[in-house]
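Everything on this sheet refers to the single structure shown next.
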Amino acid sequence: MLRESNQLVSKVLGMLAREIRPGISTEWLDKLAEEYIRSHNAVPGFLGYRGYPRTLCTSVNEEVVHGIPSKRILKEGDIVSVDCGVLLNGYYGDSAYTFAVGEINDKVRKLLQITKESLYLGIREAKAGNRVGDIGYAIQQHCERHGYSVVREMVGHGLGQNLHEAPEVPNYGKRGTGPKLLNGMVICIEPMINMGKRYIVQDEDGWTIRAGDGLPSAHFEHAVAIGENEAEVLSTFAYIEEALGEKEF
Ligand code: MF3
Ligand code: CO
């Protein structure tokens with residue numbers, strides 16, 4: 001069931017990948033996502049969650065996560081994290097990707113590259129017998145080695161019949177610490193990585209989280225099932241990669 005929900009989220013992100021370009025609003029992306037989800041017998045997973053007003057979270061440039069889709073027009077050189085959740089047959093899907101809007105500069109592309117790599121390094125640790133801290137350690141090491149910083153206040157999470165379940169999955173940590181990972185557990189790993197300092201502030205809207213120093217922030221998220229020897233990645237960026245072709249960001 002979780003495989004199906006996460007495949008649907010992945011298809012939504014793949015569909016949106018074809019629409020993201022300078023001149024469109026984040027509200028338009030939200031409308032497309034909601035229609036797509038409803039036409040596939042699912043409902044938006046974030047809409048109404050603790051009063052959240054939309055289907056997607058769209059976080060632009062220094063916005064880290066939980067940006068609310070609006071009339072804001074995306075412009076050349078922006079980056080936008082698109083985070084999508086669905087509820088299908090009682091189970092949640094949850095995945096996110098940070099897209100380039102038109103051409104972005106090399107420094108920002110590197111931030112996206114390293115953050116995405118760190119997600120997969122974290123996933124490599126998501127196997128039975130390891131601990132949650134092993135995931136965070138792998139992500140933190142990779143990002144800090146490149147001079148980036150890890151947001152502490154926001155974390156990954158278990159996923160199932162609820163959007164957020166135990167355990168919390170921080171993107172920082174020490175090897176061999178934290179809850180033990182067991183075969184069959186499903187968790188979302190979602191590094192939120194700042195080009196500058198790790199500190200964040202929350203907007204007056206009660207949702208938007210942004211980097212305090214105003215520098216860009218990247219966010220990628222996969223849902224994975226813990227396996228005996230390796231994780232099964234339940235979401236996929238294959239639809240996005242198909243849509244973007246050679247150009248990853
Ligand atoms: N992927 C994010 C999260 O996991 C999205 C939550 S947005 C909310 O936790 F609006 F639903 F809160
Ligand atoms: Co999540």
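All residue numbers in this chain count up from 1 along the given sequence. Both counts, for ligands and for their atoms, begin at 1 and track the order of listing.
- Distances between N or O atoms of E190 and those of ligand 1 include at least one value under 3.5 Å.
- Within ligand 1, the atoms closer than 4.0 Å to a non-hydrogen atom of W207 are 10 (F), 12 (F), numbered from 1 in the order shown.
- In terms of protein heavy-atom proximity, atom 8 (C) of ligand 1 is closest to Y49 CD2, 3.9 Å.
- Side-chain atoms of D134 come within 3.5 Å of backbone N or O of G176 as a donor-acceptor pair.
- Using 4.0 Å as the threshold, A96 has no heavy atom nearer than that to any atom of ligand 1.
- What sits closest to atom 10 (F) of ligand 1 on the protein, heavy atoms only, is Y52 CG, 3.1 Å.
- Note on C188: not counted as a metal contact of the Co ion (ligand 2), no N/O/S atom lying under 2.8 Å.
- Residues P216 and I79 share a closest heavy-atom pair of CB-CD1, 4.1 Å.
- The protein heavy-atom contact nearest to atom 6 (C) of ligand 1 is H66 NE2, 3.7 Å.
- Between the side chains of E168 and H157, no donor-acceptor pair is found at a separation under 3.5 Å.
- Considering both main-chain and side-chain atoms, E221 comes within under 3.5 Å of ligand 1 through a nitrogen or oxygen pair.
- Looking at H142 and S118, their side chains never bring a donor and an acceptor atom within 3.5 Å of each other.
- Within the 3.5 Å criterion, the main-chain N or O of E63 finds no donor-acceptor partner in the side chain of S217.
- With Y148 as the fixed residue, the side-chain contact (heavy atoms from CB on, under 4.5 Å) test singles out one of E144, R145, H146: H146.
- Looking at D94, its N, O or S atom nearest to the Co ion (ligand 2) turns out to be OD2.
- Each of I187, L2, L234, L119 was checked for a side-chain contact (heavy atoms from CB on, under 4.5 Å) with V224, and the lone residue meeting it is I187.
- Short contacts between ligand 1 and C57, defined as distances under 4.0 Å to a heavy atom of the residue, involve ligand atoms 7 (S).
- Nearest heavy-atom pair across N194 and A211 is ND2-CB, 3.9 Å.
- Side chains of H222 and Y120: a donor on one and an acceptor on the other come within 3.5 Å.
- Near D94, meaning under 4.0 Å from any of its heavy atoms, are these atoms of ligand 1: 1 (N), 3 (C), 4 (O).
- Note: Y97 and F237 meet the aromatic proximity criterion, with ring centroids under 6.0 Å apart.
- Vertex the Co ion (ligand 2); arms to E221 atom OE2 and H157 atom NE2; angle 110° (nearest 10°).
- Within the listing of ligand 1, atoms 3 (C), 4 (O), 9 (O) sit less than 4.0 angstrom from a heavy atom of H157.
- Per-residue contacts place H164 under 4.0 angstrom from the following atoms of ligand 1 (heavy atoms of the residue considered): 3 (C), 4 (O), 9 (O).
- When distances from the Co ion (ligand 2) to the N, O or S atoms of E190 are compared, OE2 comes out shortest.
- Between L163, D83, L159, T55, it is D83 that holds the heavy atom closest to atom 5 (C) of ligand 1.
- Backbone or side-chain N, O or S atoms of D83 do not reach the Co ion (ligand 2) at under 2.8 Å.
- Seen from the ring of Y172, R152 counts as a face-on cation partner, given the 6.0 Å and 45° thresholds.
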